[in-house]
Peer 1: 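Sharing a structure with you now.
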Amino acid sequence: MENRDIAGIFSQIADILDIKGENPFRIRSYRNAARAIGDMSESVAAMVREGKDLEEIPGIGASIAGKIGEIVATGSCAFLGELRESLPRGLPELLRIEGMGPKKVKLFYDTLKIDSVDRLEAAAGKGELKGLPGMGEKSEENIIQALARYRAGQGRFKLSVGLEYAESIIAFLKKAKGVKAIEAAGSVRRRRETVGDLDILAICSPGSDIMERFAGYDGIREMIAHGGTKSSARLSCGLQVDVRVLPPSSFGAALQYFTGSKEHNVALRTRAVRKGLKLSEYGVFKGRRAVAGPDEEKVYSAVGLPWIPPELRENHGEIEAAEKGQLPKLIELKDMRGDLQMHTTATDGTESVAEMAEKALSLGYEYIAITDHSRAVRVAGGLDEKRLGRHLKEIDRAQDRIKGIRILRGVEVDILPDGRLDLDDAILKECEVVIAAVHYRFTMTEADMTRRIIKGISNPRVHIFGHPTGRLILERPGYPVNIEELVKAARDYGVALEINAHPDRLDLKDSHARLAREKGVRLAISTDAHSPAQLDLMRYGIFTARRGWVEAGDVINAYPLKKFLGMLRK
DNA sequence: GCCGTTTTCGGCCCGACTGTTTTCAGTCG
């Protein structure tokens with residue numbers, strides 16, 4: 001039983017209680033519990049088995065702890081079963097539609113017997129919704145639109161998509177008249193792996209034409225709202241962008257507010273209230289007097305905290321750490337001394353060893369590892385022992401020609417389904433950096449896959465385990481692997497776990513990176529570049545590491561060459 | 001249902017927007 005399964009049960013309970021109009025604070029408790037469990041890196045099921053006290057987890061009390069015990073023991077929750085019986089099955093799904101809350105779901109069900117997305121669509125199409133209490137033409141039209149978006153499944157976008165649009169729009173808007181400051185807030189600023197929309201905040205002098213200019217941005221499909229202080233547009237890719245113009249007096253407070261997360265803000269606001277202050281997007285107030293607002297750092301200091309990096313703002317303990325002066329000193333892009341995974345024309349990369357090295361040199365790296373695929377990756381033209389031997393000599397020749405950067409002989413060797421490596425030890429011994437990875441046969445049980453991987457990395461030739469879960473963000477969930485066991489094995493064998501920086505992967509993800517770090521496992525952050533340009537993707541790995549509370553000292557390729565080589569498993 | 005540096009009972013974040021109202025409910029972030 002995974003944490004997300006347990007969290008899912010409590011979310012469902014909350015949804016049903018919501019529709020039934022239960023006590024909203026009781027509902028919030030279930031939602032808080034669901035989120036607390038979903039975000040934990042430690043397995044709750046394992047905690048139960050080890051007899052640990054679940055009530056230690058903030059947001060979990062006696063009642064929910066009891067239900068967790070039941071869920072782990074029996075695989076289900078009787079309370080949820082009863083609740084489900086009490087309502088038509090399709091009702092909770094209706095909450096997923098924008099603009100549909102528990103009250104409307106109940107209203108539509110009570111009056112029109114709408115109990116599924118299909119029925120809602122039919123009723124809206126026939127114009128049956130308008131005329132219900134509180135419903136008019138416009139409300140019905142909005143629901144029709146929301147249904148279309150729901151059907152299109154256009155929910156979230158990869159961080160790289162959101163961030164690159166944000167950067168492009170900001171550069172474009174900076175050229176408007178009177179723009180004094182402009183910044184992206186929201187999940188893009190927190191560097192979440194996916195983003196739902198963009199929030200761009202600006203300070204402008206009177207008479208600025210920023211909103212007119214925004215309407216002329218190339219990628220806009222439609223303007224949703226167009227006012228003097230707030231405009232919203234949908235880009236042709238479907239991403240929504242909100243631009244807000246703020247008075248300088250509240251820019252910092254607004255930046256804080258719109259950066260979120262919601263949970264971080266709730267916690268911060270609760271803290272403000274305890275100090276007799278009121279925190280909103282307009283500032284921090286003592287009575288009617290503003291004590292902070294223009295500057296984000298001062299918003300935090302007003303509630304007695306140091307500034308907290310946006311990547312940490314998830315209410316995952318950052319406020320408590322800030323309070324004790326124990327925030328991590330998060331790793332930065334400039335800490336990186338090398339890149340340890342990249343491919344060349346020897347397999348599926350687009351350029352030669354020398355061209356990759358030249359680009360890495362221009363990025364200021366001290367060293368790189370060239371790590372082409374082993375033969376199991378057929379589509380990439382993976383290397384067998386003989387070809388790898390020749391390729392290693394090619395790496396040496398490139399090193400002879402290029403000064404100023406150390407080019408390490410490496411390979412990305414597959415872990416076969418039985419746990420053996422795809423290349424023999426003799427050739428692996430000649431590689432200075434060996435990354436082990438899984439590229440095919442994902443359909444194994446979790447137990448089998450975990451065994452396969454642990455056997456693979458137990459080979460003393462292996463230094464790093466690459467893209468540890470095999471996921472592709474928004475595309476495939478990854479193969480099943482027991483992350484706790486993997487982390488433990490990595491620590492026991494002295495193998496570093498990779499944070500693959502490719503924005504389609506970000507694997508390890510933030511919470512897993514944090515778990516690994518807490519358990520004393522070393523990390524490697526690498527781009528997995530297949531072209532020189534992809535070496536620039538390192539920043540996404542850094543974002544993920546920062547979200548995982550990772551410091552430079554946790555990352556092997558943030559050390560100088562000599563130290564780095566000394567840290568590799570012998 | 002959870003929680004406690006005023007509390008084991010009585011609170012639980014705050015404000016804007018939308019669409020429908022004639023003073024506000026519902027939803028969202």
Side-chain angles (χ1 to χ4, degrees), chain A residues 10-11 13-14 16-19 21-37 54-68 77 79 83 94-108 129-143 145-146 185-190 192 195-199 201 224-225 227 229-232 240 242 244 246 250 253-285 299 303-304 313 315 319 323:
Chain A
F10 292 126
S11 288
I13 289 174
I16 296 173
L17 293 175
D18 223 345
I19 295 168
E22 274 276 350
N23 175 355
F25 300 109
R26 189 179 173 211
I27 296 165
R28 185 185 297 173
S29 295
Y30 280 108
R31 292 209 192 284
N32 287 345
R35 185 169 194 275
I37 294 163
L54 297 173
E55 292 185 49
E56 297 280 301
I57 304 167
I60 307 234
S63 167
I64 289 182
K67 290 190 176 70
I68 293 172
C77 171
F79 181 52
L83 286 174
L94 294 174
L95 292 172
R96 306 277 88 81
I97 293 158
E98 266 181 271
M100 289 288 293
K103 299 287 170 18
K104 282 193 186 145
V105 170
K106 184 160 176 12
L107 172 71
F108 294 168
L129 300 181
K130 57 176 180 275
L132 293 177
M135 293 288 300
E137 282 283 347
K138 195 80 194 229
S139 303
E140 186 170 81
E141 182 54 31
N142 285 345
I143 284 177
Q145 297 283 328
S187 45
V188 161
R189 185 165 179 241
R190 300 201 315 282
R192 261 192 70 173
V195 301
D197 55 20
L198 300 183
D199 285 304
L201 310 183
I224 300 165
T229 58
K230 187 192 165 191
S231 290
S232 295
Q240 184 176 323
D242 295 345
R244 290 166 214 268
L246 302 154
S250 60
L255 191 58
Q256 195 288 317
Y257 175 81
F258 286 108
T259 296
S261 66
K262 192 175 169 214
E263 289 75 12
H264 174 87
N265 287 356
V266 167
L268 209 61
R269 225 171 273 201
T270 306
R271 187 181 164 87
V273 169
R274 280 209 308 271
K275 292 183 174 293
L277 300 167
K278 192 183 71 172
L279 171 61
S280 77
E281 60 264 50
Y282 297 107
V284 185
F285 298 90
V299 170
V303 294
R313 299 184 194 171
N315 197 25
I319 292 174
E323 186 162 39

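Throughout, a chain's letter reflects where its sequence line sits, starting with A, and its residues are numbered from 1.
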Peer 1: Rounded to whole angstrom units, what separation is found between the CD atom of A/E22 and the P atom of B/dC2?
Peer 2: 14 Å

Peer 1: In terms of side-chain heavy atoms of A/K278, which of B/dT18, B/dC13, B/dC14 is nearest?
Peer 2: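 Within the option list, the nearest is B/dC14.
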
Peer 1: Testing the basics here: between A/V105 and A/M100, what is the closest heavy-atom pair and its distance to 0.1 Å?
Peer 2: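 Heavy atoms only, the tightest pair is CG2-CE, 3.8 Å.
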
Peer 1: Does B/dC12 have its OP1 or OP2 closer than 4.0 Å to a side-chain nitrogen or oxygen of A/S29?
Peer 2: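 Indeed not, no polar side-chain atom of A/S29 lies that close.
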
Peer 1: Considering non-hydrogen atoms only, spot the tightest contact between A/Y282 and A/S250 and give its length.
Peer 2: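 Smallest interatomic distance, heavy atoms only, reads O-CB, 3.3 Å.
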
Peer 1: Using atom CD of A/E137 as one end and atom C1' of B/dG19 as the other, report the distance to the nearest whole Å.
Peer 2: 12 Å

Peer 1: Of A/R31, A/R28, A/K103, which meets side chain to side chain donor-acceptor pair (under 3.5 Å) against A/D18?
Peer 2: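 Going through A/R31, A/R28, A/K103 one by one, the side chain to side chain donor-acceptor pair (under 3.5 Å) with A/D18 is satisfied by A/R31 alone.
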
Peer 1: Closest approach to the side chain of A/V266, judged atom by atom: which nucleotide of B/dT18, B/dC2, B/dC13 is it?
Peer 2: B/dC13

Peer 1: Nearest-Å distance, CZ (A/F25) to C1' (B/dG1)?
Peer 2: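 Going from CZ in A/F25 over to C1' in B/dG1 covers 11 Å.
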
Peer 1: Indicate the atoms forming the closest heavy-atom contact of A/C77 with A/K67, along with that distance.
Peer 2: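 So the two residues come closest at SG-CD, 4.2 Å.
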
Peer 1: Does B/dT22 sit syn or anti, given that only angles within 90° of 0 count as syn?
Peer 2: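 Anti for B/dT22; the angle lies over 90° from 0.
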
Peer 1: Between B/dC12, B/dT20, B/dC2, which nucleotide has the shortest distance from any of its atoms to the side chain of A/R28?
Peer 2: B/dC12

Peer 1: Which whole-number value in Å describes the distance from A/K138 NZ to B/dT21 P?
Peer 2: 15 Å

Peer 1: When you measure only distances, ignoring hydrogens and angles, does the side chain of A/N23 come within 3.5 Å of the base of B/dG1 through a donor and an acceptor?
Peer 2: yes

Peer 1: Please tell me which of A/L279 and A/T229 maps to the more 5' nucleotide of DNA chain B, matching each residue to the nucleotide holding its nearest heavy atom.
Peer 2: A/L279

Peer 1: Taking pairing as Watson-Crick or G-U wobble with both contacts under 3.5 Å, can you name the mate of B/dC24, or confirm there isn't one?
Peer 2: B/dG19

Peer 1: In whole angstrom, give the distance that lies between atom CD1 of A/I143 and atom C1' of B/dT18.
Peer 2: 12 Å

Peer 1: Take atom NZ of A/K67 and atom C1' of B/dG1, then tell me their distance rounded to the nearest Å.
Peer 2: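 So the two atoms are 8 Å apart, to the nearest Å.
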
Peer 1: Looking at B/dC14, I'd like to know if its phosphate oxygens (OP1 or OP2) sit under 4.0 Å from a side-chain N or O belonging to A/S280.
Peer 2: no

Peer 1: Looking at every heavy atom in both A/M135 and A/K104, which two are closest together, and how far apart are they?
Peer 2: SD-CE, 4.0 Å

Peer 1: Using the P atom on both, measure B/dC12 against B/dT18 and round to a whole Å.
Peer 2: 28 Å

Peer 1: Atom pairs, N/O to N/O, protein against nucleotides 24-29 of chain B, distance under 3.5 Å?
Peer 2:
unit_1 : atom_1 : unit_2 : atom_2 : d
B/dT27 : OP1    : A/G101 : N      : 2.7
B/dT27 : OP1    : A/G101 : O      : 3.1
B/dT27 : OP1    : A/K104 : N      : 3.1
B/dT27 : OP2    : A/K103 : N      : 3.3
B/dC28 : OP1    : A/G99  : N      : 2.5
B/dG29 : N2     : A/Y257 : OH     : 2.6
B/dG29 : N3     : A/Y257 : OH     : 3.3

Peer 1: Scan side-chain atoms only and decide if A/Q256 and A/N265 contain a donor-acceptor pair under the 3.5 Å cut-off.
Peer 2: yes

Peer 1: Below 4.5 Å, heavy atoms only, C-beta onward: do A/I60 and A/F10 meet side chain to side chain?
Peer 2: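 Counting from C-beta outward, A/I60 and A/F10 never come under 4.5 Å.
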
Peer 1: Can you tell me how far C1' of B/dC13 sits from CG of A/N315, to the nearest Å?
Peer 2: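 Rounded to the whole Å, the gap is 13 Å.
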
Peer 1: If you find the nucleotide of DNA chain B closest to A/A65 and the one closest to A/M135, which residue's nucleotide is nearer the 5' end?
Peer 2: A/A65

Peer 1: Identify the pairs formed between an N or O of the protein and an N or O of nucleotides 3-10 of chain B at a distance under 3.5 Å, and give each distance.
Peer 2:
unit_1 : atom_1 : unit_2 : atom_2 : d
B/dC3  : OP1    : A/G59  : N      : 2.7

Peer 1: Among the nucleotides B/dG15, B/dG19, B/dG1, which one has an atom lying closest to any side-chain atom of A/Y282?
Peer 2: B/dG15

